[in-house]
Amino acid sequence: MNGGQDLGGMHGHGPIEPEANEPVFHAEWEKRAFALTLAMGMPGGWNIDMSRFARENRSPADYLAMSYYQIWLAGLIDLIEERGLVGEDEIEAGHSLHTPKPVKRILSPADVAKTLHRGGPTERETNTAPAFKPGDRVRAKNINPPTHTRLPRYVRGHAGTIERVIGCHVFPDSNATGAGENPQWLYTVRFDGRELWGPDGDPASEISVDAWEPYLEPA
Amino acid sequence: MSGHDHDHDHEHSELSETQLRVRALETVLTEKGYVDPATLDILIETYEKKVGPRNGARVVARAWADPAYRARLLKDATPAIGEIGYAGRQGEHIVALENTPKLHNMVVCTLCSCYPWPVLGLPPVWYKSAPYRSRAVSDPRGVLADFGVRLPADTNIRIWDSTAEIRYLVLPMRPAGTEGWSEEKLADLVTRDSMIGTGLPKSPKDLAK
Amino acid sequence: MTHDHDHSHDHGSELSEMQLRVRALESILLEKEYVDPAALDALIETYEKKIGPRNGARVVAKAWVDPEFRRWLFEDGTAAIESIGYGGRSGNHLVALENTASIHNMVVCTLCSCYPWAVLGLPPLWYKSAPYRSRTVADPRGVLREFGIELPKDTEIRVWDSTAELRYLVIPLRPPGTESWSEEKLAELVTRDSMIGTGLAKLPQENTR
Amino acid sequence: MNGAADMGGMHGFGPIGIEANEPVFHAEWEKKAFALNMAIGVANIWNLDAFRFARESLPPSQYLNLSYYGLWVVTLENMMLDHGVATSEEIKAGHAQAPVKKSKRTIAAADVANMVRCGSPYNRPSPGPALFKIGDRVRARNIHPKTHTRLPRYVRGHAGEVTRVVGCHVFPDSNAINAGEDPRWLYTVRFDGRELWGENSDPTVRVSIEAWEPYLEPA
């Protein structure tokens, strides 16, 4: 979606403010929001693309005015409410009011280390051949789906070069909407700064994105 | 334009409101048995105390000290990093990017906050902020200037917009005057920002300070 | 995912805060004599009471009954509209857009809120809002649906993104069953939205007045 | 600039809030905010393009969360500060502080009707012949200036057709940064919806914009 999260190339957001000796978390509630989000992935049954979409799928006015973990929290609330795991009334009350919906399993303390170490690999077996090879000239398609996509607006319509064939990976555009993993070949595509930003671009800069095959056409 | 009026005074009340919301959520989810409170504590401890840029620094230091390891890292970083014992969530496919005198690499995620957790831990606030995410792809030199880094005009800058499952780790250049240093000592020179590309490693002189 | 879209900080607190801020500005500018208090009243009166979509409705009604005027209107909107006595601020270059059985015109300003003040008065809130500004250029049919308008599938939709210099006035189709109606009576059928393109002219039976 | 004002094609803002029998103003302060801006415009301390630039330069989170006239008020304050019309102490106090420096130009109530009638035309004598004519295929340049421009992001890089040669007009990109009026030829350019939004978009849609000559190149 062309939402508040698609920030590449926007102006007006002001200076970057690195914080000296920044702590990992800035408040107790951030730790809890972080851990709750990770812990709910297993009982909730959503995938990473669904949770990314849940975070970005809100008014850009809200997205840009919220802090990072506020966005996580809002995404988590949307996900659990949509699936009927928790009701708005329960969050309001701060207590469970209804019988819990049964879930397959929850993340136990003993499984945390193992689960984190395993992560969520997205590479899949395939018997198709990649359409492009390193060195090929490609153009990012001009697509504007209202749902989740990993193709940022600022590269759409622009031509670049295939730098790397990464492998066949779960396609987030499908996975985020519950339409299945639909694995597709994934490439690293390199763009020239001037190609993306015109005469205002830095001639000595190049920008790479990882793009799934459905995002690309021969240039 | 004008720099006035950019403060957001609603942040305070929002914080306490969010605090209450998180507490409510945790209570509800715990009462329903969806989460185990001990699990939450372990998750927090893992990312607050155990996983952090020190991991990445060890990877970089080994690559500086051991040419064979360097070659393995640049060829396929995921198993090379696994050798040292780092792997997993938000780092399932890692690619190492080699800085050279002619090429400087910098990593951003314009769409969200993709970051190599197993080697760098959780990203700092600025990495997730709109100013960094918006400008890193279109004005990398300006961004580097914000970090106090000035590169020669003829150094090429490569921006990696981490839009997918690949997580990038920048392998900075080994500082001069560190010949014969141990891996452990070298790791002390490797800053978090040097592995994102918004900084350079410390020099032996910096370390002495 | 429609929750959380309300902007609770938009109303109560902003309103009272803005009241105070505007009062402060007014006092300062009056004290420094940058503005004349009677001029402020005249400006408010003009745009609140005198200039509004009633002006545009008269233009449309005349175009419906007077073929000569209609021709002139599409040839030189500014001059034709001036002949009825409307023109001026934000209406210097007025262009009339002709709806036909196969073409429907719609006006938006994606970058700010350009609008033909001289014939329509000040724009309604929705015209200036992010939902309308963001979606009209990409999904005009979806926008029309929200206004309760469903056009035939093969109707061509022309969206005019009004970037300041030209201001557009849509001339809607004359409703059937209005043959021999007077200009005055016809003007009652012309809604504001029909002249922006988010509506159609009323049918005789819809005109209850 | 690629700021929050450049909304064309963005997702996530939700439904359009249509208000039945909407009043012209929603609060007394809105009337005053409107009239103050109109009246001080006559003093010619800044031009309208500069005012638009100041308004869109607000941080996107602020721009998107302020109401319409709220944006006017905040921008007016900023312009007054930037142009020495008032100090921040005066704005805080809500009064001019002695010694009061009075304005030389102002608008009297008697002049309002005339001002409303005459407006402020932006067309100027042409410095040379127009480069394009009706029917010409043109492409909107891929430019990303950090300052004011009237070329929205969603048309950049895309090809369309000149449907009207409007005349020679003050060039806002120049006027907004006080670099002079620099009049340029202005055209209406029509784009096919599928050219802008991709092959899957509505084939019956055409979108027109006004584009100054420096925004365009032959396609």
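The chains referred to below are lettered A, B, ... by the order of the sequence lines, with proteins before strands, and numbering in each begins at 1. All values reported here derive from a predicted model rather than from experimental measurement.
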For the [atom1] atom of [X] and the [atom2] atom of [Y], what is their distance to the nearest 0.5 Å?
X      : Y      : atom1 : atom2 : value
A/W29  : B/E17  : CH2   : CD    : 11.0 Å
B/L122 : A/E30  : CG    : CD    : 10.5 Å
B/R141 : A/D202 : CZ    : CG    : 4.5 Å
A/T188 : B/D161 : OG1   : CG    : 11.5 Å
B/E31  : A/E90  : CD    : CD    : 9.0 Å
A/D200 : B/D139 : CG    : CG    : 10.5 Å

Of the backbone (N, CA, C, O) and the side chain (C-beta and beyond), which part of [X] lies under 4.5 Å from a heavy atom of chain B, both, or neither?
X      : result
A/H26  : side chain
A/Y215 : neither
A/R153 : neither
A/E22  : side chain
A/H95  : both
A/F191 : neither
A/P43  : side chain

Side chains of [X] and [Y]: closer than 4.5 Å at any heavy-atom pair?
X      : Y     : result
B/Y47  : A/L38 : yes
A/K31  : B/E48 : yes
B/V22  : A/L36 : yes
A/M40  : B/L29 : yes
B/V143 : A/I16 : yes
B/Y34  : A/M42 : no
B/W126 : A/E19 : no
B/T18  : A/M66 : no

Can you tell which of [options] has the highest number of heavy-atom pairs within less than 4.5 Å of chain B?
options                        : value
A/G193, A/S108, A/P172, A/A113 : A/S108
A/G119, A/S208, A/G9, A/A211   : A/S208
A/R190, A/R55, A/R164, A/E123  : A/R190

With distance as the sole test, does [X] use its side chain to make a donor-acceptor pair with the main-chain N or O of [Y] at under 3.5 Å?
X      : Y      : result
A/E206 : B/I157 : no
B/S134 : A/G8   : no
B/R133 : A/Q5   : yes

Charged N to carboxylate O under 4.0 angstrom, [X] versus [Y]?
X      : Y      : result
A/E163 : B/R158 : yes
A/R118 : B/E92  : no
A/D210 : B/R167 : no

Work out which heavy atom in [X] is nearest to a heavy atom in [Y]; give both atom names and the distance.
X      : Y      : result
A/R150 : B/C114 : NH2-SG, 3.4 Å
B/L111 : A/L151 : CD1-N, 4.4 Å
A/A204 : B/T155 : CB-O, 3.9 Å

For this session: For each of B/L103, B/N156, B/L43, tally heavy-atom pairs with chain A at distances under 4.5 Å, and name the one with the top tally.
Result: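 That would be B/L43.
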Exercise. Which one of B/V95, B/D154, B/T198 has the most heavy-atom pairs closer than 4.5 Å to chain A?
Worked result: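 The residue among B/V95, B/D154, B/T198 with the greatest pair count is B/V95.
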Exercise. Side chains of B/S138 and A/Y154: is there a donor and an acceptor less than 3.5 Å apart?
Worked result: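 No, no side-chain donor-acceptor contact under 3.5 Å.
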For this session: Look at the rings of A/F34 and B/W117 and say which category their plane angle falls in: under 30° parallel, 30 to 60° tilted, over 60° perpendicular.
Result: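 Because their plane-to-plane angle lies in the 30° to 60° range, the rings of A/F34 and B/W117 count as tilted.
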